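One structure below.
None of the values given here were measured: they were computed from a predicted structure. We're numbering straight along the sequence, starting at 1.
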Amino acid sequence: MAYDALKPIKQTDFNAGPNYTEPPWNLKEGELAESANVWWEGSLKTVPYASRFSATPTTGAVKQLVFFRRISGTAYLFGVDDVQKIYSYNASGVPVLVATKVSTDPYWSTAVFNNRLYAANSKVTLLGTNGVTVSNVAAPRMRYILSKQDYLFGVLANTTVQPSTMAYSDTDNAESWPVGNRLNFGQDDGDEITGAIEWGDVIFVTKNRSIWILSGTTPSDFKIEKSLSDVGCVAPRTLCWTDLGVFFWSENGQTLFNGFRSFNLTDRIKGLLKDSSAVSVINWARIDQATAKYYPRLRQVLVSYCETGQTVNNKTLIIDMNRVTDRVGRRIPYAIWPMTTGITAMAHGTDITLTGSRTELILGMANGHVLRWDNGTNFNGAQLAPRIRSGAYSIGPDKIEQVRTIDVWLKGNTNTVTIKYSTDGGTFTTHPQASAYANTGTNTIKLKRLHGDGSGNYITGRRLQVEVSAVGSTNPFGLFEIGVGMEPGGPRDAA
């Protein structure tokens, strides 16, 4: 990192997030070498909490969540678990069993059309509900559905016979599906449709290796064009809108499509998604489990995925859209913050309690609970432990400059904190003056100063890294600054 070794080193800006791709000594201003369960909001903080909607879980893991609000203002939250039970959550968050639909496909696609919610599953009949009663709909079997103006669109479920075909309903009637109402997207390209999403006045239709654009308002002017995107969506449940474009997981990882071309967002987290042998840690056999949703209030995309050796999503990334630009020809400066827990389903919509106008991001978990993101004092009934590791601060040639102090500025109510250091890529050592340090004051910013190695000696070397971690606590973590004080080389006076 570009710091002058003749002056005290201070890093107060961490907004760029962790960079797992470059070596620690090659990081730019504002970057970290590693992080877990923190994000930047003026300081490094514990990720937003997510409290349980209620104490009552569903029978199995929550696989699908969807908000539905009728014109009357009545709002609903529906969920499906992995044993195919369909629930409606009441205002207290208690899941009430609505129906049981046995299917070997655990994932559902939903759309609101004509004041009704429709749900498609590749193995069962299309369902429709007014929020209270659920009924079958005479329609072709479909995998993904969406509404657009006067039509309900659906991707046909038979990927062997019609892998590239989308059907659409009669005008203003989701209960009627004429056999001739069909659209084909790259029919003979050897690929299949993996999702569809409305964006402005068009529909983006994704395949594994391409993105297509459907424009027009009626069958007479429907127009299909292939975009310039060189990738497609391989994880259908990650397809979500943001205010900068459509986000999804491609074969290259996290991707943003702006309607013209796609931008890969994984440049700085390649080391996180691969092991030390450069082998992917993503369980690609379960990539269809990956799920994502955009939360406009904080301008974040949450995307959760399953690592190799795992059977359910066990890791989550927070993508800070405040730092993303979709300008063509410019590298995207983004921040991606890793979490050490997984999410199995997500939904964004109006609070079903109708106690306020703000929208909510609801998370479904493997233990059957649903959570409210950015709410409460814990995450799914437990605490996440925050941790960061700085880049390698250059302290000059060995023994020409020596580290006398390490300063860490923390929020006053940060819980028990451990500070470690490493020189020249060596093992991280717990500093004895910081182990089990509990700063239990108020919300003021307080300094923790560490002297040398804690044993009356300077810390020597060419590069220094600092690691700060805290046990999980209802007291939010807050890190504002890391400072390194140096002196010219030579024997140190006794303390």
Side-chain angles (χ1 to χ4, degrees), residues 63-66 78-86 98-114 116-129 134-148 151-170 173-198 203-212 214 219 222 224 232-240 248-249 284-291 344-345:
K63 290 293 188 179
Q64 201 77 29
L65 288 168
V66 60
F78 289 100
V80 183
D81 66 13
D82 61 359
V83 292
Q84 293 296 303
K85 290 183 178 180
I86 303 174
V98 174
T100 299
K101 289 287 180 179
V102 178
S103 171
T104 56
D105 183 355
Y107 302 118
W108 294 72
S109 176
T110 58
V112 176
F113 187 71
N114 280 352
R116 287 175 63 82
L117 176 68
Y118 291 90
N121 182 287
S122 65
K123 304 298 182 183
V124 300
T125 303
L126 182 68
L127 301 179
T129 180
V134 179
S135 59
N136 293 330
V137 177
R141 198 159 289 178
M142 296 174 287
R143 290 176 288 154
Y144 317 111
I145 59 174
L146 79 160
S147 62
K148 174 73 171 154
Y151 302 92
L152 186 63
F153 294 85
V155 177
L156 297 185
N158 193 329
T159 59
T160 302
V161 178
Q162 296 172 306
S164 302
T165 303
M166 174 183 281
Y168 58 95
S169 70
D170 244 340
N173 186 1
E175 311 286 323
S176 175
W177 295 77
V179 294
N181 287 15
R182 300 291 187 269
L183 300 167
N184 292 301
F185 298 80
Q187 191 169 10
D188 299 315
D189 62 1
D191 203 352
E192 66 181 60
I193 296 176
T194 58
I197 189 169
E198 181 182 3
I203 293 174
F204 296 151
V205 177
T206 63
K207 306 184 89 170
N208 285 292
R209 297 180 295 276
S210 61
I211 299 177
W212 300 72
L214 171 63
F222 282 159
I224 298 173
C233 175
V234 299
R237 298 198 311 140
T238 63
L239 193 62
C240 64
F248 57 90
W249 195 304
W284 288 100
R286 294 182 179 269
I287 194 62
D288 60 337
Q289 294 182 180
T291 182
T344 56

Item to check | Worked check of side chain to side chain donor-acceptor pair (under 3.5 Å) between Asn121 and Ser103 | outcome: CA-CA 8 Å; Asn121 182 287; Ser103 171; 2.8 Å; yes
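Between Met166 and Val155, the closest side-chain pair of non-hydrogen atoms falls below 4.5 Å. Looking at Trp108 and Val124, their side chains come closer than 4.5 Å, going by heavy atoms from C-beta outward. With a 4.5 Å cut-off on side-chain heavy atoms, Asn136 and Lys101 count as touching. Between Ile197 and Phe248, the closest side-chain pair of non-hydrogen atoms is not below 4.5 Å. In this structure the side chain of Leu117 reaches within 4.5 angstrom of the side chain of Val66, judged on heavy atoms.
Residues satisfying the side chain to side chain donor-acceptor pair (under 3.5 Å) test with Ser164, not counting sequence neighbours, are Lys207. When the salt bridge (Lys or Arg N to Asp or Glu O under 4.0 Å) test is applied to Lys148, the partners found at least two apart in sequence or on another chain are Glu198. Remark: Lys63 pairs with no residue by the salt bridge (Lys or Arg N to Asp or Glu O under 4.0 Å) rule, at least two apart or across chains. Checked against side chain to side chain donor-acceptor pair (under 3.5 Å), Ser210 has the following partners two or more places apart in sequence or in another chain: Trp212. With sequence neighbours excluded, no residue forms a side chain to side chain donor-acceptor pair (under 3.5 Å) with Gln187. Partners of Thr194 according to the side chain to side chain donor-acceptor pair (under 3.5 Å) rule, which considers only residues two or more places apart in sequence or in another chain, are Thr206.
Taking the ring centre of Tyr118 as origin, the terminal cationic atom of Arg116 falls inside the region bounded by 6.0 Å and 45° from the ring axis.
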